[in-house]
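These numbers were taken from a predicted model, which means no experiment stands behind them. Numbered from 1 within each chain, the chains take letters A, B, ... in sequence-line order. Atoms considered below: every heavy atom in the structure, side chains included; atoms not considered: hydrogens, waters and symmetry mates.
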Amino acid sequence: MVKRSNEPFWWALFGAGGVVAALCLPALLFMTGVAFPLEWLAAPDYESLYGLFENPLVRLAILAIVSLSAFHWAHRFRFTLYDGLHIKHLNAPVALFCYGSAIAFTGFAALSLYTF
Amino acid sequence: MSNSGLQPTIDLEVYRYRPEQQAEPTYDTFTVPLRDEWVILDALNYIKDELDGSLSYRWSCRMGVCGSCGMMANGEPVLTCAAFLKSYAPGSIRVEPLANFPVARDLIISMDDFMEKMNRIQPWIITDEEKPLEEGEYLQTPDQVDEYKQFSMCINCLLCYSACPIYGMEPSFIGPAAIALAQRYNLDSRDHGQETRMDILSTDDGIWQCTFVGECSEVCPENVDPAGAIQRYKVTSTNDWWKSKLLPWTSKQ
């Protein structure tokens, strides 16, 4: 029997990351980076944001957004390195670096949100 | 190369490789009449008839159906029967054999690799058991035909393999046209070969080499959209992978 690829695991994370990043990040960046500083929209005060983050579902959603975005980056950067630099022979270390970074980042984000 | 002063001309720089005469390829420049209705293939035929009968290239239908006259024109893979000279004028046209394939002679490439890959995906209707003739034909609704019709339009011209940077780097990649052809049968309601083809397609040399550059669909003269076929199959393959890990008792192996 031919060995089927395990690429679908990473590709699924990549695809999910692409979707959440495209849907959420422009809106988040626009609000926190442009609309609030320029006072187009009233910025939420510290207490109400803090209250929002006390809801575990909000923290879970934030974790999903940042973690999946990181896996999206990892997958894309891995192939950018392979195809851009023609370093197919470094397959294992490149994958370890890219996905390892995303996993470490996810762990850091999870810990930060948990101990928040 | 006699041209009256009135007739405009265009230069073709043609890749030449005659393995019995030369170790390295060279380029010959031919000046041909620049006519509004002439395509690159007409110019090559003019060269062969009037200027140099030794020039070798493939062609047959000269109307975008047979898929045999694909070549590189100024670095782009095109069907030369559909590439008008006037769209390159002024300036010369560099005509080369399709990129990413070994050259057999002049503008003729060796198709062996593609023929082997096309066969590997089993491009025919696979049924569990053949229906006896007296039970009549296999019926399909127009919607069922639409599912695969687009992927059945491929003429095997190989422009997509020439345009694919992944195939250029990884010749083991099964490639755009073979995957689109596999989808042509996978999506056919009469076919039951999806599981068999998945062993070929869901591998590192199958769809998972593809990084969705999309050039294959850009150059396809029949709008088959191989890149779309591959993306669609990535979803199928991913669903199957998760199912086999999370619900192992539902998969056959």
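Counted within 6.0 Å of CD on B:Gln22, heavy atoms from surrounding residues, nucleotides or ligands total more than 12; the atom is thus considered enclosed. For A:Phe108, the CZ atom is loosely surrounded, since the number of other residues' heavy atoms within 6.0 Å does not exceed 12. For CD of B:Gln140, the number of neighbouring non-hydrogen atoms (other residues, nucleotides, ligands) closer than 6.0 Å is greater than 12. Counting heavy-atom neighbours within 6.0 Å of B:Arg120 CZ, excluding the residue itself, gives a total above 12.
Along residues 100-116 of chain B, no residue comes nearer than 4.5 angstrom to chain A, judged on non-hydrogen atoms. Of residues 225-235 of chain B, those residues lying under 4.5 Å from chain A by any heavy-atom pair are B:Gln231, B:Lys234, B:Val235. Against chain A, no residue from residues 141-156 of chain B qualifies, as none has a non-hydrogen atom under 4.5 angstrom away. Within residues 162-188 of chain B, the residues that have a heavy atom under 4.5 Å from a heavy atom of chain A are B:Ile166, B:Met169, B:Glu170, listed by number.
Of all the heavy atoms in A:Ala12 and B:Trp242, the pair that sits closest is CB-NE1, 3.4 Å. The two residues B:Trp241 and A:Ser5 come nearest to each other via the heavy atoms CD1-O, 3.6 Å.
In this structure, CG on B:Asp204 lies 13.0 Å from CZ on A:Arg4, to the nearest 0.5 angstrom.
Of the atoms belonging to A:His86, it is side-chain heavy atoms, and not backbone ones, that fall under 4.5 Å from chain B. Only the side chain of B:Thr211 comes within contact range of chain A, judged by heavy atoms closer than 4.5 Å.
Within the 4.5 Å cutoff, side-chain heavy atoms of B:Lys245 are placed close to those of A:Asn6.
In summary, the aromatic rings of B:Trp208 and A:Trp11 are positioned with their centroids under 6.0 Å apart.
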Exercise. A:Glu7 and B:Ile207: side-chain contact (heavy atoms from CB on, under 4.5 Å), yes or no, with the steps?
Worked result: CA-CA 10 Å; A:Glu7 201 70 20; B:Ile207 51 165; over 6 Å; no
